[in-house]
Amino acid sequence: MESNLVVYNTLTRKKELFEPLNPPFVGMYVCGPTVYSDVHLGNCRTFISFDLMYRYLLHLGYKVRYVRNITDAGHLEGDRDEGDDKFSKKARLEKLEPMEIVQKYTIGFHDVMRLFNTLPPSVEPTATGHIAEQIEMVKEIIENGYAYESNGTIYFDVEKYSKEYNYTALTNRNIEELLANTRDLGGQDDKKGRLDFALWIKAKPEHIMRWPSPWGWGFPGWHIECSAMSSKYLGSTFDIHGGGMDLAATHHTNEIAQSQACHHSEPARYWLHTNMLTVNGTRMSKSAGNGFLPGELFTGSHPLLTRGYSPMTVRFFMLQAHYRSTLDFSNEALEASEKGFKRLMNACALLNKLKASEVTDVDINSIRTRCYEAMNDDFNSPVVIAELFEAARIINSINDGKSSVNAEGLESLKSLMNDFVFNVLGLKEETAETDDIGKLVGFIINLRLEARANKDYATSDRIRNGLQELGIQLKDSKEGTSWSKI
RNA sequence: GGUCGGAUGGCCGAGUGGCUAGGCAGAGGUCUGCAAAACCUCCUACAGCGGUUCGAAUCCGCUUCCGACCUCCA
């Protein structure tokens, strides 16, 4: 299988031709959410970005196994041995069992992902469902000499590892300086070096989420789950590993170290990182308290919003920016996206009503070519959208009788929009009109038509204005009156 | 402090050596009973200062400002 897809690889800080290990199969692992609270829009952006990539890879004909985990094991709030695990803390606050918390927010996450029209991953493994695999991996890392036990907790020995491997490959930082800082500040915990991180953590008496292990009762460190689950489902080396940029420095760096220490091979060949969603220029995050919840966005209940925006408006808004750029959130930007999205959807709807002519004076194939070029250039969805607006202009122009297409051109226009708007970008029409409403509106339109024929414009306008208030907009043209939801 | 990434027209955002996206907003026009939608036209920007070049928003250097990561976070 041949493709010209080029992706930006964080490992090399360059765009590289994407060549799967075993075409046509592609293995892609994306770090999923920690389900101890509602996902916010920043999380959603990442998953929408990877949904775009997943959809495009599928569109190109790859057989993709897309693995996205659910983190549901009790990781600590801080990096130290002190403090609660997030689930237990939340469980106490909500007076629930930790696994009730997990269930509640997992369902919430899935609901939101469905609203955003993301395709479900092929496998969605949970950390708690793979404790045995994690323990096995920790054992192997110990056997290979890259980890040590200290009071029932197992730490990864970063200093030792960094002598043989490039620990800072993803971030390009100077390991000597990092280690130097480490020793100065050392002293807390039972670690040898402060860069060392826990693979397995001994449970304190108050910890509810705990499992037996060769080192006593405990729970896995945060990073090991992704290493264990990605290698289980995708092999010790797979094609794409993705996640938010904030995970690169710590989580992904440690994942690479664990996998290398265990399997002696790079876990993934292409590391793809999505950029942050910002509010007033600052990163949206759980801890900063500036996170928008999807629900607040859809209903407009967030204090910073003047009104609500639909899931597809938000998806479209996000796809209008490249996944590696930061994207700033504002009312104005959302409003602009909402109008643009409707324009695109209206054009798609019009497409089914167009009639073919004998001649063609529009060029659809070059638009399609440019869409592929854009997607092949590191999934450049904003450029694809720009091209689709050009197609929308053509569709409207044909509808106005100012341009024409032959049957063949009309078909390629239809497949263009179907492929890119719906399949690749994953957008969908939200104003699914039921037959009943359609019949009702049709009946009212006919009544109004009679009024207009009698030049009774007062009645005609009253009907139009009334419908407008109910969210239905009438549009008069030579061919008759059409309508759409506002 | 270290590492990395930014600064694009009224706003949001692509691009990244010559052809100078796109959406929204704004102006004018066509159409229309009037609207709406649509179409056409206009508004043509790249933080500042130097340098390289026939040519730079795009490359190089400096300056200013902003952000992310280095601590849980997509």
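Hydrogens, waters and symmetry mates are skipped; everything else that's a heavy atom, side chains included, is used. A note on names: the letters A, B, ... follow the listed sequences, proteins ahead of strands, and every chain is numbered from 1.
- Interatomic distance, A:E387 CD to A:S381 OG, rounded to the nearest 0.5 Å: 13.0 Å.
- If you measure from atom CG of A:L334 to atom P of B:G13, you get 11 Å, rounded to the nearest angstrom.
- Note that A:R343 lies outside the cation-pi zone of A:F389, set by a 6.0 Å cut-off to the ring centre and a 45° limit from the axis.
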* Give the intermediate values and the outcome of side-chain hydrogen bond (donor to acceptor under 3.5 Å, both in side chains) for residues A:Y372 and A:N4. => CA-CA 9 Å; A:Y372 279 114; A:N4 304 309; over 6 Å; no
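- Considering only side-chain N and O atoms, A:T278 lies nowhere under 4.0 angstrom from the phosphate OP1 or OP2 of B:G67.
- Per the geometry, CG belonging to A:L277 stands 13 Å off P belonging to B:A68, to the nearest Å.
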Between the protein and nucleotides 2-6 of chain B, list every N/O to N/O distance that falls short of 3.5 Å.
residue	atom	partner	partner atom	Å
B:U3	O2'	A:T171	O	2.8
B:C4	OP1	A:N172	ND2	3.3

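- Here B:G67 presents its P atom at 17 Å from CE of A:M245, a figure rounded to the nearest Å.
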Close N or O pairs between protein and nucleotides 57-61 of chain B (under 3.5 Å):
none

* Base, backbone or nothing for each nucleotide of nucleotides 31-41 of chain B, written B, S, -, heavy atoms under 4.0 angstrom, 5' to 3'? -> --BBBB-BBS-
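- A heavy atom closer than 4.0 Å to some atom of RNA chain B occurs in no member of residues 366-379 of chain A.
- Residues from residues 43-50 of chain A that place a heavy atom under 4.0 Å from any atom of RNA chain B, listed by number: A:N43, A:T46.
- Rounded to an integer number of Å, the gap from A:M276 CE to B:A74 P is 9 Å.
- The salt bridge (charged side-chain N to carboxylate O under 4.0 Å, His left out) contacts involving residues 320-332 of chain A comprise A:R324-A:D378, where partners must be two or more places apart or lie in separate chains.
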